[in-house]
Amino acid sequence: MSKPSIPRGTRDFGPKIMAKRKYILNTIEQVYQSFGFMPLETPSMENLSTLTGKYGAEGDQLLFKVLNSGDYLKDISADKFESKILTPLISEKGLRYDLTVPLARYVVMNQNEVTFPFKRYQMQPVWRADRPQKGRYREFWQCDADVLGTPSLLCEADFVKIYRQVFAKLKLTGYEIRINHRKLLEVVVEKADASTHFKTITIIIDKADKIGIEGVKNELINLGLNENQTTVILSLLNKQAFNAANLANIKSALPNTENANKAIGDLTQLLELLNHQTDFVYLDGSLARGLDYYTGCIFEVVPTDVQMGSISGGGRYDDLTGIFGLKGISGIGISFGIDRIYDVMEELNIFPADGTKFTDVLFCCMDEKAFAYCLPLADDLRLNGIKTEVYPDTSKLKKQLDYANAKNISWAVIIGENEMNNNQLAIKNLVSGEQELIDKNALTLFLEKL
RNA sequence: GUAGUCAUAGCUCAGUUGGUUAGAGCAUCGGUUUGUGGUACCGAGGGUCGUGGGUUCGAGCCCCAUUGAUUACCCCA
């Protein structure tokens with residue numbers, strides 16, 4: 001027998017971990033719903049025609065492809081045995097790579113049924129055939145919310161509020177919401193006369209957190225930019241308070257172009273929609289986001305008390321559904337990285353204490369007759385919202401209490417001959433060690449008042 | 001795709017310049033206690049030292065290959 005294992009880059013989530021993950025997921029879901037977002041789930045598999053070409057050449061490499069069913073080589077002749085030719089012949093499905101493309105596909109397929117603006121949230125795993133490393137997996141969860149079909153900046157404001165509510169509920173206070181505008185980047189790169197390298201430059205700028213200003217400068221020079229050009233671009237890379245004065249400063253430093261006015265206009269309007277309440281919010285010129293479909297405001301949330309990358313990101317995109325033939329739908333979306341939020345909360349130790357408690361009461365039966373005696377009592381407790389289980393064997397009491405300890409159960413109800421003869425129960429508090437005899441019918445009341 | 005590190009009991013790991021029968025803690029099971037746990041004591045089970053080859057009188061340890069894990073780069077959440 002070989003030892004069992006799971007594929008690299010995948011994980012099991014045991015009961016204790018699941019309790020904490022559910023706590024995060026439920027919190028996010030609750031907040032999404034409170035803003036009027038509705039759930040959507042899509043299949044784990046999409047047609048490869050839906051997926052390929054949407055994530056760039058690198059992304060296509062990272063797609064998990066699913067072999068066709070049955071004898072998939074039956075009609076393939078030997079001259080087709082070259083991966084480029086063979087792959088499309090034997091695989092027509094792939095695992096989804098993110099939740100955004102499936103959303104676009106869904107909306108286009110159901111455009112006559114969905115009501116715009118379409119507000120949906122989706123919390124499902126996605127797969128990437130990446131090489132796993134710290135904080136990077138081949139199967140991981142995304143928790144997206146998007147609004148499709150309106151250019152209104154009210155959506156941007158809502159997402160800022162969603163961030164604040166989610167992290168307030170999770171009692172996570174050390175974080176920053178960083179905001180930037182994609183067109184601001186475009187204007188600055190234009191001003192530096194380096195537009196041909198726009199995409200590469202955004203990727204470099206996005207690394208500013210990691211490699212520092214000097215690192216960015218070096219990479220820009222390696223790209224072939226001169227001293228003037230890098231200076232112009234580097235002038236953008238500071239983080240500052242999100243307020244009207246700073247926006248005015250930025251505006252005065254930029255040429256009076258359509259893009260510049262649009263970017264500053266959007267950010268100003270967002271500031272007003274937030275009623276100038278900018279707790280946790282910063283304007284960060286170095287925020288770029290790697291994905292190139294963003295066209296407007298972009299967001300990122302970074303924890304400040306823990307050394308960790310972003311725990312959420314998102315932004316506005318103008319033409320997501322265009323790739324599937326539905327033009328002119330502006331949208332905006334964000335995504336929480338639940339795995340990283342988990343790590344941050346674990347490190348700060350801010351999960352609620354009773355998070356791993358699944359059972360309140362354990363019935364310990366000393367003989368077979370005790371089962372009949374306690375089963376109705378257990379049912380009654382459950383109906384009253386008390387999580388109850390009956391130890392299924394008449395094992396030695398030590399073993400039953402060990403089980404209760406292992407599951408962090410706080411109450412044991414012990415039933416043997418003595419208790420049954422007197423219509424009583426021995427109820428033991430496993431935290432304090434105290435034990436008392438109570439009347440059989442008083443159990444629910446006894447536990448309810450706690 | 002590139003580079004480094006690692007692989008010994010269910011888990012976490014010791015194991016000396018190569019030298020007798022490969023150890024510990026935790027976990028599991030049994031006992032001290034026919035019905036009272038977290039602590040203590042006693043005992044038991046559990047290993048092809050990732051796999052294959054080589055060097056040697058002798059390999060967990062050295063060499064080569066291979067597989068897997070992990071970390072960094074590229075890219076990304």
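Sequence lines set the chain letters: A, B, ... in the order given, protein chains first and strands last, and positions in each chain run from 1.
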OP1 or OP2 of rU36(B) versus the side-chain N and O atoms of Lys396(A): is any pair under 4.0 Å?
no
Integer angstrom distance from the P of rU66(B) to that of rU5(B)
16 Å
Please report the distance separating the P of rU12(B) from the corresponding atom of rA27(B), rounded so that it comes out in whole Å.
15 Å
Write down the distance between CD1 (Ile409(A)) and P (rG38(B)), rounded to a whole number of angstrom.
16 Å
Within the structure, does a side-chain N or O atom of Gln133(A) lie under 4.0 Å from either OP1 or OP2 of rA72(B)?
yes
Base, sugar-phosphate alone, or nothing: which one does Asn418(A) contact when heavy atoms must sit under 4.0 Å apart?
base
Near RNA chain B, under 4.0 Å by heavy atom, which residues of residues 361-381 of chain A?
Met366(A)
Checking all strands, does Ile311(A) fall into the base, sugar-phosphate, or nothing category for heavy-atom contacts under 4.0 angstrom?
nothing
Under 4.0 angstrom, heavy atoms only, what part of the nucleic acid is Lys428(A) near: base, sugar-phosphate, or nothing?
base
Could you tell me whether the phosphate oxygens of rC76(B), OP1 or OP2, come under 4.0 Å of any side-chain nitrogen or oxygen in Lys207(A)?
no
Flag for Asp367(A)-Thr394(A): side-chain donor and acceptor within less than 3.5 Å:
no
Is there a side chain to side chain contact (heavy atoms under 4.5 Å, CB included) between Ile205(A) and Leu220(A) once you walk through the steps?
CA-CA 9 Å; Ile205(A) 290 175; Leu220(A) 289 177; 5.7 Å; no
So, do Tyr342(A) and Phe351(A) have ring centers that fall under 6.0 Å from each other?
yes
Tell me what Ser310(A) touches on the nucleic acid: a base, only sugar-phosphate, or nothing, going by heavy atoms under 4.0 Å.
sugar-phosphate
What's the CD-P distance between Gln61(A) and rC75(B), to the nearest Å?
15 Å
For rG19(B) and rU56(B), measure between their C1' atoms and round to the nearest Å.
12 Å
Does OP1 or OP2 of rA77(B) have a side-chain N or O of Arg340(A) closer than 4.0 Å?
no
Taking rA7(B) as the reference, what is the distance to rA77(B) when you measure between their P atoms (whole Å, please)?
34 Å
For this output row, return yes or no: ring centroids of Phe336(A) and Tyr163(A) closer than 6.0 angstrom.
yes
Is it true that Glu417(A) and Lys369(A) make a salt bridge, defined as a side-chain N closer than 4.0 Å to a carboxylate O?
no
Determine whether the side chains of Glu300(A) and Ser312(A) contain a donor N or O and an acceptor N or O closer than 3.5 Å.
no
Report yes or no: is there a donor-acceptor pair, N or O only, under 3.5 Å between the side chain of Gln435(A) and the base of rU36(B)?
yes
Regarding Tyr137(A), tell me which of base, sugar-phosphate or nothing describes its non-hydrogen contacts under 4.0 Å with the strands shown.
base
So is Arg128(A) actually on top of Tyr97(A)'s ring, under 6.0 Å and inside 45° of the axis?
yes
Intermediate values then yes/no, ring pair (Phe, Tyr, Trp, His ring centres under 6.0 Å), Tyr175(A) and Phe167(A)
CA-CA 9 Å; Tyr175(A) 70 94; Phe167(A) 293 121; 4.7 Å; yes
Tell whether Arg131(A) reaches the base of rC76(B) with its side chain through a donor-acceptor pair below 3.5 angstrom.
no
Rounded distance in Å between the P positions of rA69(B) and rC29(B)
31 Å
Touch check for Gly337(A), heavy atoms < 4.0 angstrom, all strands: base, sugar-phosphate only, or nothing?
nothing
At 4.0 Å (heavy atoms only), tell me whether Gly313(A) reaches a base, stays on the sugar-phosphate, or touches nothing.
nothing
Pairing pattern in dot-bracket form [Watson-Crick, G-U; both distances under 3.5 Å; | = partner strand] for RNA chain B:
(((((((..((((.....[...)))).(((((.......))))).....(((((..]....))))))))))))....
For Val431(A), report the nucleic acid contact type (base, sugar-phosphate, nothing); a contact means any heavy atom under 4.0 Å.
base
Is Asn405(A) side chain donor-acceptor paired with the rG37(B) base, going by distance under 3.5 Å alone?
yes
Write down the distance separating the P atoms in rG30(B) and rG38(B), rounded off to the nearest Å.
15 Å
Side chain of Arg136(A), heavy atoms from C-beta onward: which of rA72(B), rG37(B), rC75(B) has the nearest atom to it?
rC75(B)
For the residue pair Tyr32(A) and Tyr121(A), is the inter-centroid distance of their aromatic rings smaller than 6.0 Å?
yes
Is Lys93(A) close enough and on-axis enough to Phe64(A), meaning under 6.0 Å and within 45°, for cation-pi?
no
Any Lys/Arg nitrogen of Lys54(A) or Asp60(A) sitting under 4.0 Å from an Asp/Glu carboxylate oxygen of the other?
no
Assign Glu139(A) to base, sugar-phosphate, or nothing according to its heavy-atom contacts below 4.0 angstrom with the strands shown.
nothing
C1'-based separation of rG23(B) from rC61(B) [nearest Å]:
15 Å
Could you measure between the two P atoms, the one in rA22(B) and the one in rC26(B), and give it in whole Å?
23 Å
Regarding the side chain of Lys134(A), the nearest nucleotide among rU36(B), rA77(B), rA72(B) is rA72(B)
Nucleotide nearest Gln142(A) when distance is taken to its side chain, options rA77(B), rC29(B), rU71(B):
rA77(B)
Ring center gap for Tyr137(A) and Trp127(A) short of 6.0 angstrom:
no
Figure out the CD/P separation between Gln424(A) and rG35(B), and round it to whole Å.
20 Å
